[in-house]
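Below is one structure, written out as structure tokens; the observations come after it.
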Amino acid sequence: MPKRYTVTAALPYTNGPIHIGHLAGVYVPADIYTRYLRGIGKDVLFICGSDEHGVAISLKAKKEGKTPKEIIDQYDQVIRDSFQEFGIGFDNYSRTSRKIHFDTAQEVFKNLDAKSIFELKESEQLFDEEAQEFLADRFVTGTCPICQHPEAYGDQCESCGSSLSATELIEPKSTISGGKPALRETKHWYLPLNRYEDFIQKWILEGHKKDWKPNVYGQVKSWVDNGLQPRAVTRDLDWGIPVPAEGGEGKVLYVWFDAPIGYISSTKEWAQQKGKDWEPYWKDKDTQLVHFIGKDNIVFHCIIFPIILHAHGDYILPENVPANEFLNLEGEKISTSKNWAVWLHEYLKEFPYQQDVLRYVLTSNAPETKDNDFTWDEFQARNNNELVAIYGNFINRVVVLTHKYYEGKVPAPGNLTEQDNTVLEEMALIPKKIGNAIEHYHFREASQLLMQLARLGNKYLADAEPWKLIKTDPERVKTIMHTALQIAAGLSILSEPILPFTAKKLSKMLLLDPKNQAWVQVTKVSTLIDPGHQIGTASLLFQKIENDQMEQQRMKLKASVAENKIDSLKIAPIKPTTSLDDFKSLDLKVAKIIVAEKVRKTKKLMRLTVDLGQEQRTVVSGIAEDFSPEDLIGKQVTLLTNLHPRTLKGIESNGMILLGENVTGSFVFVNPENKETKTGLSIH
RNA sequence: CGCGAGGUAGAGCAGUGGUAGCUCGUCGGGCUCAUAACCCGAAGGUCGCAGGUUCGAGUCCUGCCCUCGCUACCA
């Protein structure tokens, strides 16, 4: 058994608030894990903080006419407050913009630099003269050298799917200033991951085959099998931690290099405040380090950061990295930019004192093995059918009956029957089962086990029927109610990790002394609540959620996403005047779609066969996200017929169909009257 | 193209060689202490598809299909 635990949750990036995806993937499981460990008396340190560097923040600041500091201060506050109110119990929540973090990150860099771990490389990169900035691949667009698509990105052409490098683009353009970037020499420090393949191979692929989640293990294996490449740890940017080395002027540490080091800085900060020693939490072999992250972060936490720690030499490595998959929302990917999300700070306002409902829903439907879907229907169902109907109702029955029969005093039991013993023994097994599930990161299972205890209580009452026996055998009822009250007390203790607010409310209702509320007590068939003990009056633990409340949430989602799209919709300026001759050179015809099928292995491409009256031809069009084949077959469209043929995914496309765009940015047909015209006619 | 994860009842999941399970939902019944809550019972699955190994396959092997990720700083 490890002496102590260091548990980290992924540092949230401060360019937006926290949403349910973050919670389900990282913060709720990490919080359950740490609450459980504390509950069984372990030494646990739970660490997090805001990740405040990187291009995205400096870009967002530029866009909104603010300084990066204003952006990070704003979101750090929102995130910090919402975590606090939601009951995520970090021991410390720091920020990577603090001095202690600068010092720590620079120390790590200098340490590796002194050991000559890094490789220095010169390379040519595109530089935006206007913005005075080197451009990341994604911030360059231009014409694709392979398919001639005019808006390919610097890393990939979305039209033909080819991987590109930004310098290959024809007529490159900066998406920041719109200007034409120039090539410039620049120098960067690289971490040669390739030299550590053996280390990763031994440590993870051989050492953690059994105990790491298949998705995490598989992902690491995939990276190693494909061969690790050196990665730059510095960037040309003015927002971040200066590179502490000769020639590092104007350069900062790349955000993924400094961010995980934030766990260490946050630990140091905590230690300073509490007057403790931080080092055992990162350097003692008896410490178990666990990183809670989402699947997009696997490579950083399983390969890059461990290599940094390993190269540094003094540090322990993570014992496990239980990365979760992603949570979708109402069938769509959660998207900050499209405003398709349920934001934590808004939830807290709209569902006051219902933190545990969200915690429960996200836990019982956590994306542990594959992506999952969050729907408001399910949220409502879990609340009404499980929390209210099973858990809340059981407690209410017990408390109300105790007041009715005994004025709220726990009755003294007579001889226990087999029925009573069975149920008490069954309860005694549950803490172990829940603990085992949590220790193996099976939080879904843990939430089910907890609910099983409430179910056990309900069944016990239904079988024993105290409300009948009270008329014929009041002595027996005392034993029954005593037993039922033990289950209620057990629930209050075992709920703490998953439903901390409920646990608190319940123990208050039962007027339990927190000192007697140890997890371990439930494992013994013992008295958790003594005869003669006065309990408080009944109040509802959970409230039913009505349909109209859910309807409001669904409306809100739709409204915000529509609003967001209209805001971001650009009205393109009218292009310079063209000549009639130029226009006449375009051959536009009415075409009827007769065959439509999705091109396999692509998201957007649709293969169409169109009838032009005089002939039929094949056209490939990037519209599969907005139309299904059934929507298209039989429809008439305007076709630009004399466009140079182009091959997409091996299919030659002869022409381009013309479509309009609606307010949500999707393609639509432009034909308000829907009257058929004659196929093959020209458009003037 | 490749690599990784997933594809089991209406929904969400468990199940790594031996008669297909759990929760919710649905239907029927019971109870009345309880937030029209609770309890019992039933219906519902050719375990993505096709081959193969085996006495026996959801579980092992091969091929294919679909979803998600690796590829927009989004966990």
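Sequence lines set the chain letters: A, B, ... in the order given, protein chains first and strands last, and positions in each chain run from 1. Quick note: numbers below take in every heavy atom, side chains included, and nothing from hydrogens, waters or symmetry partners.
- Residue A:Phe542 is in base contact, counting any heavy-atom pair closer than 4.0 Å across all strands shown.
- The side chain of A:Lys370 has B:rU8 as its nearest neighbour among B:rC24, B:rU35, B:rU8.
- At B:rA37, none of the side-chain N or O atoms of A:Asn384 fall inside 4.0 Å of OP1 or OP2 (strictly under the cut-off).
- The base-pairing partner of B:rG2, taking Watson-Crick or G-U wobble contacts with both distances under 3.5 Å, is B:rC70.
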Enumerate, atom names and distances included, each donor-acceptor pair closer than 3.5 Å involving a side-chain atom of residues 394-405 of chain A, sequence neighbours excluded.
{"unit_1": "A:Arg397", "atom_1": "NH1", "unit_2": "A:Asn458", "atom_2": "OD1", "d": "2.8"}
{"unit_1": "A:Thr402", "atom_1": "OG1", "unit_2": "A:Val398", "atom_2": "O", "d": "2.7"}
{"unit_1": "A:His403", "atom_1": "NE2", "unit_2": "A:Gly536", "atom_2": "O", "d": "2.7"}

For nucleotides 40-43 of chain B, which of its nitrogen or oxygen atoms have a protein nitrogen or oxygen under 3.5 Å away, and what is each distance?
{"unit_1": "B:rC40", "atom_1": "OP1", "unit_2": "A:Lys459", "atom_2": "NZ", "d": "3.1"}

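- Contact check of residues 211-223 of chain A against RNA chain B (heavy atom, cut-off under 4.0 Å) returns A:Pro214, A:Asn215, A:Gly218, A:Gln219, A:Ser222.
- For A:Arg554, the salt bridge (Lys or Arg N to Asp or Glu O under 4.0 Å) criterion is met by A:Asp377, A:Glu551, not counting sequence neighbours.
- In this structure, CG of A:Asn365 is placed 15 Å from P of B:rG25, rounded to the nearest angstrom.
- A donor-acceptor pair under 3.5 Å is formed between the side chain of A:Thr14 and the backbone N or O of A:Asp51.
- Among the protein residues, A:Gly54 comes within range of no part of the nucleic acid, since none of its heavy atoms lies under 4.0 Å from any strand.
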Problem set entry | Steps toward salt bridge (charged side-chain N to carboxylate O under 4.0 Å, His left out) verdict (A:Glu325, A:Lys295) | CA-CA 5 Å; A:Glu325 302 284 301; A:Lys295 68 174 163 186; 3.0 Å; yes
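- At whole-Å resolution of the value, OH in A:Tyr405 and C1' in B:rU32 are 11 Å apart.
- In this structure B:rC64 sits in a base pair with B:rG48, meeting the Watson-Crick or G-U test at under 3.5 Å.
- Residue A:Tyr460 contributes atom OH, which lies 16 Å from atom C1' of B:rC38 at whole-angstrom precision.
- Qualifying side-chain hydrogen bond (donor to acceptor under 3.5 Å, both in side chains) partners for A:Asn547, counting only residues two or more places apart in sequence or in other chains: A:Gln380.
- Judged by closest nucleotide on RNA chain B, A:Arg382 is the one of A:Arg382 and A:Arg455 placed further toward the 5' end.
- Here B:rG56 sits opposite no nucleotide as a Watson-Crick or G-U wobble pair (both hydrogen-bonding atom distances under 3.5 Å).
- Judged by distance alone, with hydrogens and angles left aside, the side-chain atoms of A:Asp371 form a donor-acceptor pair with the main-chain N or O of A:Phe326 at under 3.5 Å.
- The residue A:Leu541 sits close to a base: some heavy atom pair falls under 4.0 Å.
- For B:rA14, the OP1/OP2 oxygens have a side-chain nitrogen or oxygen of A:Arg444 closer than 4.0 Å.
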For this session: For each nucleotide in nucleotides 26-31 of chain B, reading 5' to 3', give B when a protein heavy atom comes within less than 4.0 Å of its base, S when such contact involves only the sugar-phosphate, and - otherwise.
Result: -----S
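- If you check B:rC38 for Watson-Crick or wobble pairing at under 3.5 angstrom, you find it paired to B:rG30.
- A heavy-atom distance below 4.5 Å is not found between the side chains of A:Asp373 and A:Leu327.
- Across all strands shown, A:Ala10 has no heavy atoms under 4.0 Å from either base or sugar-phosphate atoms.
- Checked against side-chain hydrogen bond (donor to acceptor under 3.5 Å, both in side chains), A:Arg476 has the following partners two or more places apart in sequence or in another chain: A:Thr417, A:Gln419, A:Asp420.
- Counting to the nearest Å, the P atom of B:rC73 and the CG atom of A:Leu237 are 15 Å from each other.
- For A:Glu378 and B:rU23, the CD to C1' distance is 11 Å, given to the nearest whole Å.
- Counting heavy atoms from C-beta outward, A:Val28 and A:Phe443 have side chains that stay 4.5 Å or more apart.
- Checked by atom type, the side-chain pair A:Ser50/A:Tyr13 shows no donor-acceptor distance below 3.5 Å.
- The distance between atom CG of A:Asn458 and atom P of B:rU32, rounded to the nearest whole Å, is 16 Å.
- At a threshold of 4.5 Å between non-hydrogen side-chain atoms, the residues A:Phe305 and A:Phe257 do not count as touching.
- Two residues are said to be in side-chain contact when any heavy atoms from C-beta on lie closer than 4.5 Å; A:Ile204 and A:Tyr217 meet this criterion.
- Here the side chain of A:Lys404 is nearest to one of B:rC33, B:rG6, B:rC68, namely B:rC33.
- Within 6.0 Å of the NZ atom in A:Lys60, the count of heavy atoms belonging to other residues, nucleotides or ligands exceeds 12.
- Remark: A:Tyr27 pairs with A:Phe83 by the ring-ring contact (aromatic ring centres under 6.0 Å, His included) rule, at least two apart or across chains.
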With the criterion being N/O to N/O and under 3.5 Å, what pairs connect the protein with nucleotides 57-63 of chain B, and how long is each?
none

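- Counting non-hydrogen atoms under 4.0 angstrom, A:Leu540 reaches a base of the nucleic acid.
- Here the side chain of A:Asn393 is nearest to one of B:rC33, B:rA37, B:rC73, namely B:rA37.
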Problem set entry | Stepwise side-chain hydrogen bond (donor to acceptor under 3.5 Å, both in side chains) check, A:Tyr360 with A:Glu386 | CA-CA 10 Å; A:Tyr360 181 72; A:Glu386 297 183 30; 2.6 Å; yes
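- When the side-chain nitrogen and oxygen atoms of A:Lys295 are compared with OP1 and OP2 of B:rG4, none of them lie within a distance under 4.0 Å.
- Residues that satisfy the side-chain hydrogen bond (donor to acceptor under 3.5 Å, both in side chains) test with A:Thr502, not counting sequence neighbours, are A:Asp356.
- Judged by Watson-Crick or G-U wobble contacts below 3.5 Å, the nucleotide B:rU16 has no partner.
- When atom types are taken as modelled, the side chain of A:His301 and the backbone of A:Ile298 share no donor-acceptor pair closer than 3.5 angstrom.
- Take A:Asn328 and apply the side-chain hydrogen bond (donor to acceptor under 3.5 Å, both in side chains) test, not counting sequence neighbours, and it matches no residue.
- Taken residue by residue, residues 321-330 of chain A places heavy atoms nearer than 4.0 Å to RNA chain B at A:Glu325, A:Phe326, A:Leu327.
- Per the geometry, CG belonging to A:Asp373 stands 12 Å off P belonging to B:rC68, to the nearest Å.
- Rounded to whole Å, the distance from CG on A:Leu228 to C1' on B:rC3 is 14 Å.
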